[in-house]
Amino acid sequence: MHAPLDLKPVILTGDRTTGPLHLGHYVGSLRNRLALQDTHRQFLLLADLQALTDNAHDPDKVRRNVIEVALDYLAVGIDPAKTSICVQSALPALAELTMLYLNFVSVTRLERNPTIKDEIRARGFGRDIPAGFMCYPVAQAADITGFRATVVPVGEDQAPLIEQTNEIVRRVNHQAGRDVLLEAEAVIPRVGRLPGIDGKAKMSKSQGNALLLSASPDEIKRAVHLMYTDPNHLRVSDPGSVEGNVVFTYLDAFDPDEAEVAALKAQYRRGGLGDKAVKARLETLLQELLTPIRERRAALARDPATVLDILRDGTAKARAVTQGTLEEVRDGLGLFKL
Ligand code: TRP
């Protein structure tokens with residue numbers, strides 16, 4: 001099926017509701033979502049069912065964080081008039097699509113997914129991999145296609161999931177003999193993955209190396225203070241390395257003045273620029289970025305009824321779209337009609 005010409009292309013992305021969002025999410029996807037909400041029809045999915053696939057032992061956490069992540073979305077400037085924010089577990093059509101799509105994926109293909117392989121290793125499942133976890137890429141394919149999304153702004157680690165989605169799309173369309181589903185494209189941000197403040201490859205709350213979007217001024221100060229730089233850069237006059245130096249990686253991600261950052265890097269490499277000065281510049285930038293976010297978030301947190309209304313409204317819109325897709329797929333596959 002092709003997107004009707006008179007409608008904006010649809011975007012769908014989401015986040016597992018396992019904790020509040022951090023700067024890595026901001027760079028990895030939120031910033032793209034903010035830019036795209038004006039030109040696209042955007043849905044944001046609070047992926048509580050996907051969160052359960054590796055948190056079945058802690059459903060309380062998953063439920064509580066539905067609101068936390070919604071607050072983060074609204075605080076960074078996601079506008080509910082432009083973007084529908086919806087709750088995955090309130091969209092039964094997605095579960096039914098997942099059930100149908102599971103028949104179009106082999107177990108071997110699921111095991112080969114590089115994202116899943118990394119995640120299984122990181123979670124230390126050993127041989128006890130929950131089947132729901134193994135199959136979540138199929139559920140994510142249901143999310144993406146259910147909304148008829150063609151654009152999926154995600155971090156680079158999600159690219160294999162979009163690929164797997166498109167394989168399912170082609171198989172279902174082949175079986176249906178017509179294009180009931182649309183293929184989607186991942187939109188990967190310019191700055192790839194933001195490292196944690198300790199220099200580790202990925203910022204993650206569970207690793208303790210994250211800076212939350214809701215961080216207080218003191219927490220921001222402390223995070224910048226602790227940031228990993230060049231351990232061999234002992235004196236201001238010493239030449240330093242900018243590769244793997246988190247402060248410079250963050251300046252690349254957040255400083256709009258690219259020429260100035262290039263000049264600072266050159267000076268740091270030559271020697272004569274101290275960590276303190278670079279960190280002071282970064283701290284100012286991060287305080288400026290996060291202060292309005294924190295303030296909006298706190299104001300919204302005091303008004304849960306409004307947030308719930310936004311979620312109810314977004315989920316109702318999502319229900320209509322996803323139910324429509326489900327009916328087309330059922331039709332395309334020729335399921336029994338009663
Ligand atoms: N897998 C995504 C994450 O780990 C969350 C997600 C669920 C998602 N459904 C989606 C992302 C659909 C993009 C599209 O954060």
Side-chain angles (χ1 to χ4, degrees), residues 9-33 36-37 40-55 62 65-66 68-70 72-73 78 83-91 93-95 97-98 101 110 113-120 122-123 130 132-166 168-169 181-189 193-194 202-206 210 213 314-315 318 321-322 325:
V10 176
I11 295 189
L12 182 267
T13 46
D15 293 279
R16 294 180 194 171
T17 59
T18 50
L21 303 183
H22 53 59
L23 272 186
H25 294 109
Y26 186 77
V27 170
S29 59
L30 289 172
R31 213 154 49 171
N32 269 343
R33 298 171 188 177
L36 293 166
Q37 68 179 344
H40 292 68
R41 173 82 184 92
Q42 181 160 253
F43 292 92
L44 285 188
L45 187 65
L46 295 159
D48 57 343
L49 288 184
Q50 191 177 112
L52 270 185
T53 64
D54 62 342
N55 287 282
V62 170
N65 281 298
V66 168
E68 295 302 316
V69 176
D72 286 327
Y73 287 166
I78 292 295
T83 297
S84 301
I85 305 176
C86 49
V87 182
Q88 189 179 34
S89 64
L91 298 167
L94 297 181
L97 281 173
T98 303
Y101 294 174
L110 287 169
N113 186 315
T115 305
I116 294 288
K117 278 207 226 162
D118 287 350
E119 289 177 337
I120 287 173
R123 284 162 179 71
F133 186 82
M134 202 69 210
C135 298
Y136 93 72
V138 181
Q140 189 156 322
D143 299 340
I144 294 168
T145 56
F147 284 89
R148 298 190 230 273
T150 54
V151 182
V152 187
V154 281
E156 58 179 356
D157 59 311
Q158 296 283 303
L161 294 169
I162 315 302
E163 219 174 282
Q164 195 160 14
T165 297
N166 288 335
I168 293 172
V169 167
L181 298 175
L182 297 169
E183 289 194 40
E185 194 189 335
V187 178
I188 313 281
R193 176 182 291 185
L194 196 70
K202 192 170 178 177
M203 181 176 280
S204 145
K205 195 162 168 268
S206 56
L213 293 175
T315 304
V321 178
T322 53
T325 307

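Side chains are part of it too, since the values below use all heavy atoms of this structure and drop only hydrogens, waters and symmetry mates. One-based numbering, in listed order, for ligands and for the atoms of each.
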Worksheet item: To the nearest 0.1 Å, how far is atom 2 (C) of ligand 1 from its closest protein heavy atom, and which atom is that?
Response: Gln158 OE1, 3.4 Å
Worksheet item: Atom OG1 of Thr150 and atom CG of Leu182: how far apart are they, to the nearest 0.5 Å?
Response: 7.0 Å
Worksheet item: If you count the atoms of ligand 1 from 1 in the order shown, which ones are under 4.0 Å from a heavy atom of Val154?
Response: 13 (C)
Worksheet item: Starting from atom 5 (C) of ligand 1, which protein heavy atom do you reach first, and at what distance in Å?
Response: Gly14 O, 3.4 Å
Discussion item. At less than 4.0 angstrom from any non-hydrogen atom of Ala47, what atoms of ligand 1 do you find?
Written reply: 7 (C)
Discussion item. To check you understand the geometry: which heavy-atom pair defines the closest contact between Pro137 and Gln164, and what is its length?
Written reply: CB-OE1, 3.5 Å
Practice prompt. Apply salt bridge (charged side-chain N to carboxylate O under 4.0 Å, His left out) to the pair Asp118 and Lys202, showing each step before the final yes or no.
Written response: CA-CA 12 Å; Asp118 287 350; Lys202 192 170 178 177; over 6 Å; no
Discussion item. So, regarding Gln50 and ligand 1 (criterion: nitrogen or oxygen to nitrogen or oxygen, under 3.5 Å), is there a contact or not?
Written reply: yes
Item to complete: Look at atom 9 (N) of ligand 1 and say which protein heavy atom is nearest, naming residue and atom and giving the distance to 0.1 Å.
Response: Asp143 OD2, 2.8 Å
Response to the item:
The answer for which part of Gln88 has a heavy atom under 4.0 Å from ligand 1 is neither
Worksheet, complete the sentence: Of all protein heavy atoms, the one nearest atom 14 (C) of ligand 1 is Leu12 CD1, 3.6 Å
Worksheet item: Do Asp54 and Arg16 have side chains that get closer than 4.5 Å, going by heavy atoms?
Response: yes
Practice prompt. Pull out every atom of ligand 1 sitting under 4.0 Å from any heavy atom of Arg16, numbered as shown with elements.
Written response: 4 (O), 15 (O)
Discussion item. Nearest 0.5 Å, please: how far is NE2 in His22 from NZ in Lys205?
Written reply: 9.5 Å
Worksheet, complete the sentence: Taken in chain and number order and not counting sequence neighbours, the residues that satisfy ring pair (Phe, Tyr, Trp, His ring centres under 6.0 Å) with Phe147 are Phe43
Worksheet item: Do any N or O atoms from the side chain of Glu68 and from the backbone of Gly19 form a donor-acceptor pair under 3.5 angstrom?
Response: no
Discussion item. Looking only at protein heavy atoms, which one is nearest to atom 6 (C) of ligand 1, and what is the separation?
Written reply: Gln140 OE1, 3.6 Å
